[in-house]
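Encoded as structure tokens, the structure appears first; notes follow it.
Throughout, protein chains are lettered first and strands after them, A, B, ... in sequence-line order, and every chain is numbered starting at 1.
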Amino acid sequence: KITIHPLRNYLDTAYVGNITIGTPPQEFRVVFDTGSANLWVPCITCTSPACYTHNTFNPQNSSSFREVGSPITIFYGSGIIQGFLGSDTIRIGNLVSLKQSFGLSQEEYGFDGAPFDGVLGLAFPSISTKGAIPIFDNLWSQGAFSEPVFAFYLSKYKPEGSVVMFGGVDHRYYKGELNWIPVSQPHHWLISMNHISMNGNIVACSHGCQAFVDTGTSLIYGPTDLVTNINKLMNARLENSEYAVLCDAVKTLPPVIFNINGIDYPLPPQAYITKDKNSCMSIFQGGLENLSPDNWLLGDVFLRQYFSVFDRKNERIGLAPA
Amino acid sequence: CVVILPLKKMKTLRETLREKNLLNNFLEEQAYRLSKNDS
């Protein structure tokens with residue numbers, strides 16, 4: 001069974017949390033990824049270089065482990081994992097998912113140096129590997145939530161302070177009202193976007209487009225020609241495969257405004273320009289046309305500005321200023 | 001009954017590669033690998 005998640009690009013993955021698997025618990029650092037639906041961690045038998053620098057799961061040390069056995073292959077934008085399915089008790093904070101199926105990778109390509117051991121997918125079950133019920137669905141069916149929602153607050157300034165919450169929304173993490181946007185199809189967390197503008201001019205997505213709301217990547221991706229246009233409008237120049245801007249431009253550039261469901265979501269230059277030592281880079285990245293000419297990907301840069309709620313029951317996403 | 005789990009912001013692989021001046025090589029290699037995958 002092959003599952004493809006072309007969007008997930010671990011190069012820019014930044015926010016990780018801890019989960020435990022098995023009895024007694026073995027701890028892993030995972031990405032809570034709304035762009036995919038599978039949970040996997042490296043297996044102790046994995047011999048790929050990436051597995052030597054990450055925590056690996058030892059099934060023999062867990063009394064609650066059951067081998068499902070089905071082989072899995074998951075393709076990501078910049079890597080592949082291959083392995084088999086198992087089942088065990090998985091803990092996320094106080095949540096306990098019993099008989100939770102998950103992937104154990106035996107081979108990993110392209111994950112060397114990634115700041116996480118595995119991925120915990122939070123997309124819809126329709127894009128999960130056959131036979132592997134996503135952890136959110138398993139917890140939901142086990143009655144773990146009063147409301148089948150999860151939400152992200154991504155801190156702007158500190159490495160700590162970011163949270164993912166399950167089963168409801170803590171209103172202290174956002175200002176004003178949540179604006180609800182229906183998902184375009186119940187497979188990915190994909191929403192319709194009306195347009196993208198700067199200085200009152202539409203600069204991309206002029207006839208509407210689709211946007212993945214993806215916690216598994218940190219930047220904003222779009223079709224190369226449109227992204228190049230946005231980068232040119234901010235006088236960015238290509239330097240070593242990245243668009244560099246003058247750091248002083250942060251004071252003068254306008255916000256980039258994403259209009260979603262008729263509501264403007266401004267992204268200020270302080271958010272879309274990142275400073276790294278003495279250079280400043282635009283976070284707008286091209287290359288998404290391989291997937292579809294009309295798709296954008298809103299990653300952590302966007303989600304740091306906007307608290308996000310993912311409502312599985314009503315198949316909608318809520319956004320409000322963080 | 002909201003369960004809140006802390007997340008930590010890690011240095012991304014892009015930032016690490018950029019620091020070591022290896023980003024360009026990585027992106028070129030990745031583009032080559034992806035073009036092979038596409039075909």
Item to check | Shortest non-hydrogen contact between A/G93 and B/L5, atoms and distance | outcome: N-CD1, 3.5 Å
Checklist outcome for this item: Ranked by heavy-atom pairs below 4.5 Å to chain B, first place among A/G161, A/G17, A/S162, A/S146 goes to A/S162
Next on the checklist: Which atoms of A/F145 are under 4.5 Å from chain B, going by heavy atoms: the side chain, the backbone, both sets, or neither?
Outcome noted: neither
Checklist outcome for this item: Ranked by heavy-atom pairs below 4.5 Å to chain A, first place among B/T16, B/V3, B/N21 goes to B/V3
Checklist entry - chain B: which of A/L95, A/T274, A/V149, A/N94 shares the most heavy-atom pairs with it under 4.5 Å? => result A/L95
Item to check | Contacting region of A/E147 [heavy-atom separation from chain B under 4.5 Å] | outcome: neither
Item to check | Interface moiety of A/F150 toward chain B, non-hydrogen atoms closer than 4.5 Å | outcome: neither
Checklist entry - How long is the span from the CG atom in B/L7 to the CZ atom in A/R29, to the nearest 0.5 Å? => result 12.0 Å
Item to check | Contact winner vs chain B - A/N18, A/L219, A/V163, A/D300, heavy-atom pairs under 4.5 Å | outcome: A/V163
Checklist entry - So do the side chains of A/M281 and B/R14 get within less than 4.5 Å of each other, counting heavy atoms only? => result no
Item to check | Proximity breakdown for A/I19 and chain B, heavy-atom pairs closer than 4.5 Å | outcome: neither
Checklist outcome for this item: Closest non-hydrogen atoms of A/P115 and B/M10, given as atom of the first, atom of the second and distance, are CB-CB, 3.8 Å
